[in-house]
Q: 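Mind having a look at this structure? Questions to follow.
Predicted model, so just to flag it, every value in this text is computed and none were measured. In what follows, every heavy atom counts, from backbone to side chain, and hydrogens, waters and symmetry copies are set aside.
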Amino acid sequence: IVLESNSRSEFMRLYNIYYLCKESYHQLNVLSPVHNNDGSYTLNKWNICKNGLEALFNIDFLKKEAKDAYNSISVIDRADISPKISSSIFNRFHDIYKKLIDKLKAIIDLYESVRNSNVSPGIDIKIPHCNRLRDYIDILRDIEFIVEQCPYLKSKDEELQFSGTDVGSDWITFAIVGIPTSFYILNNIASLVNKAIALKSNNEIWKQQEELLETMRMKNEVSQETIDAFKKMKSLTLKTYVDELQSEIGAVADPEEEAKVAKSLEKLSDLIDKGVEIYSSIDTPEEIKVLFPFNEKQALLSESAVKYLEDKISSDN
């Protein structure tokens with residue numbers, strides 16, 4: 001999956017699809033049709049089933065069946081908790097509904113067969129496409145430095161713990177373990193990411209000015225003092241963001257800890273510039289999710305992944 005620098009993620013994490021499918025599967029399965037004496041059907045608990053269908057509108061390769069099942073019930077009947085419909089409408093609805101249930105079950109079984117589905121609140125990190133193994137390893141090393149060294153990601157009540165990679169993708173996941181009553185670490189990660197994005201924007205400006213100064217230096221049109229002053233201003237920008245973090249989160253213990261914050265922020269900014277994206281996991285409380293600058297409104301699966309799931313469904317039937 002090729003990602004241009006600064007782009008948003010093209011594909012949703014496979015676990016997120018599994019999560020949504022499992023939630024919808026439970027909601028669809030509560031539907032309890034009753035065959036009436038006059039040949040009609042009453043869809044008991046339709047209101048819950050309807051919520052499950054609506055949730056599937058967000059998944060590209062399932063939304064057609066979900067909308068077909070949804071729209072087979074008239075607008076007026078859809079508003080009822082337990083609508084009464086004709087046998088012909090029920091048969092059309094039930095054919096689509098059954099196929100959708102089978103698809104959801106296949107996706108759930110497939111995911112659970114290759115990955116433990118027990119997860120915790122945390123973060124999902126999207127690694128961009130790398131043409132060289134060295135570049136991929138460098139990204140992981142920078143992530144490791146931030147997680148292991150940044151003082152703001154340490155807490156006596158919580159720990160940010162690596163929990164693996166997602167199935168068949170470039171996502172890596174960290175979970176919060178311990179007693180995350182206030183989600184201190186996740187709040188701080190959100191603050192770091194926001195500052196890193198702001199720093200990245202500044203760095204783009206500094207880079208342009210640096211190139212201009214270098215051109216002028218080669219033509220002897222700028223003094224060394226001007227170049228030194230530029231470098232000092234650039235370092236002061238980083239310090240400004242570190243100071244802001246200390247003001248917002250809390251002061252660190254000593255200059256060494258402050259240097260680690262600065263280095264973590266600098267590395268995080270570079271990672272984002274390379275295309276790394278950091279999301280709160282789908283299991284994270286909503287009040288924490290909204291703090292993260294990257295959103296979850298992404299397309300879902302690549303065509304090859306959809307084909308793989310469809311083949312799995314066909315082989316199971």
Q: Rounded to the nearest 0.5 Å, what separation is found between the CD1 atom of Ile17 and the NZ atom of Lys22?
A: 15.5 Å
Q: Distance check, rounded to the nearest 0.5 Å: Asn29 atom CG versus Ile101 atom CD1?
A: 4.0 Å
Q: Is a side-chain donor-acceptor pair under 3.5 Å present for Asn91 with Ser88?
A: no
Q: Going only through I, L, V, M, F, W and Y residues with side-chain contacts under 4.5 Å, is there a path from Ile48 to Leu28?
A: no
Q: Report yes or no: is the cationic atom of Lys67 (NZ for Lys, CZ for Arg) under 6.0 Å from the centre of the six-membered ring of Phe57, at an angle within 45° of the ring normal?
A: yes
Q: Is the shortest distance from a Lys or Arg side-chain nitrogen in Lys98 or Asp95 to a carboxylate oxygen in the other one below 4.0 Å?
A: no
Q: Is there a donor in the side chain of Asn187 and an acceptor in the side chain of Ser182, or the other way round, less than 3.5 Å apart?
A: no
Q: Apply salt bridge (charged side-chain N to carboxylate O under 4.0 Å, His left out) to residues Asp270 and Lys274 and explain how you reach the verdict.
A: CA-CA 6 Å; Asp270 289 342; Lys274 291 175 181 177; over 6 Å; no
Q: Side chains of Glu148 and Leu153, heavy atoms from C-beta outward: is any pair under 4.5 Å?
A: no
Q: Does the side chain of Tyr279 come under 3.5 Å of the side chain of Glu277 through a donor N or O and an acceptor N or O?
A: yes
Q: How far does CG of Leu265 sit from NZ of Lys267, to the nearest 0.5 angstrom?
A: 12.0 Å
Q: Okay, side chain of Asn194, backbone of Ala190: is any donor-acceptor separation there less than 3.5 Å?
A: yes
Q: Side-chain heavy atoms nearer than 4.5 Å, only ILVMFWY residues, links allowed to pass through others: does that put Tyr136 and Leu271 together?
A: yes
Q: Kindly say whether Val34 contributes a backbone atom to a donor-acceptor pair with the side chain of Thr42 at under 3.5 angstrom?
A: no
Q: Is the backbone of Leu236 close enough, under 3.5 Å, to the side chain of Thr240 for a donor and an acceptor to pair up by distance?
A: yes
Q: Where the side chain of Trp46 meets the backbone of Arg78, is there a donor-acceptor pair that is under 3.5 Å apart?
A: yes
Q: Closest heavy-atom contact between Ser163 and Ala175?
A: OG-N, 4.0 Å
Q: Hydrophobic clusters here meaning ILVMFWY residues chained together by side-chain heavy-atom distances under 4.5 Å, can you tell me if Leu20 and Ile107 are in one?
A: yes
Q: What pairs with His26 under ring-ring contact (aromatic ring centres under 6.0 Å, His included), at least two apart in sequence or on another chain?
A: none
Q: Any donor-acceptor pair under 3.5 Å linking the side-chain atoms of Asp157 with those of Ser155?
A: no
Q: Between the side chain of Asn36 and the main-chain N/O of Gly39, is any donor-acceptor distance below 3.5 Å?
A: no
Q: Between OG of Ser74 and CD1 of Ile89, what distance do you get to the nearest 0.5 Å?
A: 6.5 Å
Q: Could you tell me whether Lys45 atom NZ has more than 12 heavy atoms of other residues or ligands within 6.0 Å of it?
A: no
Q: Could you tell me the separation between the CD1 atom of Ile272 and the CG atom of Asn203, rounded to the nearest 0.5 Å?
A: 11.0 Å
Q: Describe, in one word, how the ring planes of Tyr41 and Phe90 are oriented to each other, choosing from parallel (under 30°), tilted (30 to 60°) and perpendicular (over 60°).
A: parallel
Q: Does a side chain donor of either Asn202 or Tyr241 reach within less than 3.5 Å of an acceptor in the other side chain?
A: yes
Q: Does atom NZ (Lys154) have a neighbourhood of more than 12 heavy atoms from anything else shown, all under 6.0 Å?
A: yes
Q: Is any side-chain heavy atom of Phe292 less than 4.5 Å from a side-chain heavy atom of Ile189?
A: yes
Q: Should the pair Lys99-Glu65 be classified as a salt bridge under the 4.0 Å nitrogen-to-oxygen rule?
A: no
Q: Does Ile249 share a hydrophobic cluster with Val242, counting links as ILVMFWY side-chain heavy atoms below 4.5 Å and allowing steps through other members?
A: yes
Q: Is there side-chain contact between Leu268 and Glu266, with at least one heavy-atom pair below 4.5 Å?
A: no
Q: Within a strict 4.5 Å, meaning less than it, do heavy atoms of the Ile176 and Glu159 side chains meet?
A: no
Q: Distance check, rounded to the nearest 0.5 Å: Leu56 atom CG versus Cys21 atom SG?
A: 6.0 Å
Q: Under 3.5 Å, is there a donor-acceptor pair between the side chain of Asp38 and the main chain of Ser40?
A: yes
Q: Answer yes or no: does atom CG of Leu140 have more than 12 heavy-atom neighbours from other residues, nucleotides or ligands under 6.0 Å?
A: yes
Q: Determine, using ring centers only, whether Tyr184 and Tyr152 are less than 6.0 Å apart.
A: no
Q: Mind checking whether Ile139 and Phe162 sit in one hydrophobic cluster, side chains of I, L, V, M, F, W, Y counted as touching below 4.5 Å?
A: yes
Q: Could you tell me whether a side-chain N or O of Gln27 sits under 3.5 Å from a main-chain N or O of Lys50, the two making a donor and an acceptor?
A: no
Q: Contact between Leu100 and Asp68 at the side-chain level, heavy atoms closer than 4.5 Å - yes or no?
A: no
